[in-house]
> 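Got a structure for you, written out below as structure tokens; questions coming shortly.
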There are 2 protein chains.
Amino acid sequence: MEKKQNTLYVGSLAKGLRLLRAFDESHTELSLVALAERSGLDKSAVQRLANTLHIEGMLDKDPVTRRFRPSHAWLELAYAYYWSDQLVGQAIPKLIDLSQEIGETVNLAELSKDHIIYVSRLPCQRTYFAATVIGRRLPALSTSGGRAIISTFSPEDREEAIETWPLKAFTPRTTLDRATIRNSIDEAVQQGHAISSDQMILSEIGVACPITGPDGRAFAAVQCSVSAHTWTRERIRAEILPRLQDTANAISPSSQVHRR
Amino acid sequence: MEKKQNTLYVGSLAKGLRLLRAFDESHTELSLVALAERSGLDKSAVQRLANTLHIEGMLDKDPVTRRFRPSHAWLELAYAYYWSDQLVGQAIPKLIDLSQEIGETVNLAELSKDHIIYVSRLPCQRTYFAATVIGRRLPALSTSGGRAIISTFSPEDREEAIETWPLKAFTPRTTLDRATIRNSIDEAVQQGHAISSDQMILSEIGVACPITGPDGRAFAAVQCSVSAHTWTRERIRAEILPRLQDTANAISPSSQVHRR
DNA sequence: CGAAGCGTATCATATAATAATACTTGATAT
DNA sequence: ATATCAAGTATTATTATATGATACGCTTCG
């Protein structure tokens with residue numbers, strides 16, 4: 001057992017967490033052996049750990065198929081998260097106003113290492129399910145929100161992000177060329193907002209403004225996704241951008257302290 | 001150590017989970033000793049477990065205050081949950097349509113033991129923060145959604161719920177008298193929907209229709225919250241209810257299998 | 001009917017978690 | 001400045017506790 005050998009590290013707990021993380025969009029319910037395969041733990045360990053998680057209410061178990069599933073407790077954790085995140089509380093009312101004004105889907109994205117994570121989503125039009133689910137984590141470089149955030153970094157940090165942060169192709173048109181991304185971010189530096197097309201879904205245009213901390217560095221973004229069938233970049237700039245910008249500014253904490 | 005002494009029960013994992021559950025709306029960041037107090041574990045244990053959770057990315061640690069906070073990973077768990085819940089995927093597009101039509105806050109609530117839990121929320125008007133956060137768990141008897149669900153139970157189950165499920169005063173006007181609640185639920189049995197006022201927040205009216213499984217028994221509800229200042233029960237019944245009912249019916253799985 | 005796959009149960013062993021203790025740090029007050 | 005206190009951090013001997021190999025039982029297929 002080559003564990004992080006540290007007396008302040010509880011291996012069993014870490015293993016249990018790996019079980020939780022074995023579930024994702026394409027693994028929504030898992031059998032005992034499937035859990036073992038995905039977590040890399042052996043059958044006996046999974047048996048004990050999954051049983052514990054079940055007893056503690058963290059995993060539901062289908063009495064007939066014997067498969068495990070995320071339980072409602074996972075949502076309760078999200079509930080606790082929301083109360084702990086200062087930003088969300090301040091942002092929500094303003095985001096609601098914005099979505100009502102423009103009648104399009106509005107998102108709040110926070111920086112999470114080199115990804116962005118959608119913290120709040122207010123869908124206004126029918127969209128893909130994935131576009132409505134909170135907690136989605138996407139490469140920062142591939143999203144308008146991430147680019148807007150990066151655009152507020154110092155030139156050095158910006159360059160490092162552009163050069164080293166991960167990329168992944170989601171559509172045939174997802175930009176994988178870092179030079180092109182650099183142009184997009186440079187544009188965002190000039191204009192104070194980022195626009196991207198076809199990055200996550202084809203015919204989708206994203207526009208985002210950074211939410212900056214007192215130091216001027218952004219740690220989140222307000223983002224709006226619209227269909228390229230009904231919107232052009234010009235119309236977005238004319239009709240959506242001003243309000244989006246106002247909302248982002250209104251949310252940005254100018255003096256008060258916030259979490260990193 | 002008087003643990004559930006069972007070789008299939010991993011105590012350390014269970015303890016770690018208790019740490020996660022120590023966070024809620026009024027405990028958004030916790031120090032080491034605060035965690036120890038809230039979890040009932042001793043300082044050394046919390047030190048080890050919290051450290052593990054931190055290393056594994058489940059807890060953020062403020063480098064200056066040394067306090068722990070829920071991390072973005074908690075939202076990723078919610079993300080995984082959403083994909084595993086069949087109902088949400090089917091319901092979301094219809095809920096979006098509904099909220100756009102009526103211009104009021106729409107919620108999807110699922111039954112979770114004797115509580116309901118808000119799984120999806122589409123806020124349309126500014127409201128209290130608590131009314132916008134998913135994962136909120138409320139006594140089923142005190143919500144229109146819960147009463148709508150209970151109204152589909154067999155008379156025996158209904159009675160048991162009314163008599164034994166928990167109640168809690170959230171406002172001075174929260175109904176704590178079970179006879180009154182029985183009347184409300186009986187009404188729901190007759191009419192196919194439940195209406196309640198001032199239960200969670202003063203001057204708030206909730207109206208809900210059950211989402212029933214193939215067996216006719218509900219396991220979720222579509223719910224709409226409006227302000228008593230702008231709405232009367234009559235207007236709600238005339239303008240909101242028909243569409244709410246349609247939406248609930250459209251979501252209800254008639255033949256396909258679903259989670260319990 | 002036999003085999004295969006999966007979930008469940010048992011148990012001897014030593015690893016890995018424990019809790020007591022002591023050390024470090026930083027804040028507050030004297 | 002110095003003392004005091006509370007909270008976080010580090011270390012250690014001890015044994016309780018997690019481990020994983022093995023065996024059993026139940027379905028499902030071919």
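Below, read A as the first sequence line, B as the second, and so on, with proteins coming before strands; counting in each chain starts at 1.
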> For the residue pair A:L111 and A:H115, what are the closest heavy atoms and their distance?
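For A:L111 versus A:H115, the nearest heavy atoms are CD1-O, 3.5 Å.
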> Contact between A:R158 and A:V189 at the side-chain level, heavy atoms closer than 4.5 Å - yes or no?
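Yes, close enough: below the 4.5 Å cut-off.
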> To the nearest Å, give me how far apart CZ (A:F68) and P (C:dG7) are.
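That distance rounds to 8 Å.
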> Counting only side-chain N and O atoms of A:S12, is one of them less than 4.0 Å from OP1 or OP2 of C:dA17?
yes
> Are any side-chain N or O atoms of B:S84 and backbone N or O atoms of A:R69, one a donor and one an acceptor, separated by less than 3.5 Å?
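No, the answer is negative, given that no donor and acceptor are paired below the 3.5 Å cut-off.
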> In whole Å, what is the span from the CG atom of A:L19 to the P atom of D:dA18?
15 Å
> In whole angstrom, give the distance that lies between atom CG of B:L35 and atom C1' of D:dA7.
13 Å
> Could you tell me the separation between the CG atom of A:L32 and the P atom of C:dG7, rounded to a whole number of Å?
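Nearest whole value for this atom pair: 5 Å.
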> Taking only residues two or more places apart in sequence or in another chain, which ones pass side-chain hydrogen bond (donor to acceptor under 3.5 Å, both in side chains) with B:E163?
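Only B:R182 meet the side-chain hydrogen bond (donor to acceptor under 3.5 Å, both in side chains) criterion with B:E163.
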> Side chain of B:L8, heavy atoms from C-beta onward: which of D:dT19, C:dA9, C:dG7 has the nearest atom to it?
C:dA9
> Hey, does A:I149 have a side-chain heavy atom less than 4.5 Å from the side chain of A:F219?
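When only atoms from C-beta onward are counted, A:I149 and A:F219 do not touch, as no gap falls below 4.5 Å.
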> Whole-Å distance between C:dA17 P and B:I55 CD1?
12 Å
> Can you tell me if the side-chain N/O atoms of A:K15 get under 4.0 Å from OP1 or OP2 in C:dA16?
no
> Does the protein touch nucleotides 25-30 of chain D at the base, only the backbone, or not at all? Give it as B, S and - per nucleotide, heavy atoms under 4.0 Å.
------
> Compare the minimum distances between each of D:dT12, C:dT8, C:dA17 and the side chain of A:T7, then state the nucleotide with the smallest one.
D:dT12
> Is there a residue in residues 39-51 of chain A whose heavy atoms reach under 4.0 Å of DNA chain D, and which residues are they?
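Going residue by residue through residues 39-51 of chain A, the ones with a heavy atom under 4.0 Å of DNA chain D turn out to be A:D42, A:S44, A:R48.
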> Tell me, please, which residues at least two apart from B:F23 pass ring pair (Phe, Tyr, Trp, His ring centres under 6.0 Å).
B:W74
> Quick one: are A:Q47 and B:L8 in side-chain contact, heavy atoms under 4.5 Å?
yes
> Identify the residue among B:K15, B:R21, B:R18 that makes a salt bridge (charged side-chain N to carboxylate O under 4.0 Å, His left out) with A:E56.
B:R21
> Among the candidates C:dG7, D:dT9, D:dA18, find the nucleotide nearest to the side-chain atoms of B:R66.
D:dT9
> If the test is salt bridge (charged side-chain N to carboxylate O under 4.0 Å, His left out), which one of B:R67, B:K61, B:R38 qualifies with B:E29?
B:R67
> Taking five pairs at each end, how big is the angle between the two axes of the helix from C:dC1-D:dG30 to C:dT30-D:dA1, to 10°?
40°
> Could you check how far CG of A:D62 sits from P of C:dC6, rounded to whole Å?
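Going from A:D62 (CG) to C:dC6 (P), I get 17 Å.
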> Donor-acceptor check, side chain of B:S112 to backbone of B:I117, threshold 3.5 angstrom: yes or no?
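Not confirmed, B:S112 side chain does not pair with B:I117 backbone.
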> I need the CG-C1' distance between B:L13 and C:dA17, as an integer number of Å.
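Rounded to the whole Å, the gap is 13 Å.
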> Could you pull out all residues at least two apart from A:Y128 that satisfy ring pair (Phe, Tyr, Trp, His ring centres under 6.0 Å)?
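With sequence neighbours excluded, A:Y128 shows a ring pair (Phe, Tyr, Trp, His ring centres under 6.0 Å) to no residue whatsoever.
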> Quick one: does B:V88's side chain get under 4.5 Å of B:W83's, heavy atoms only?
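No, too far: nothing below the 4.5 Å cut-off.
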> Between C:dC6, D:dG8, D:dT9, which nucleotide has the shortest distance from any of its atoms to the side chain of B:V33?
D:dG8
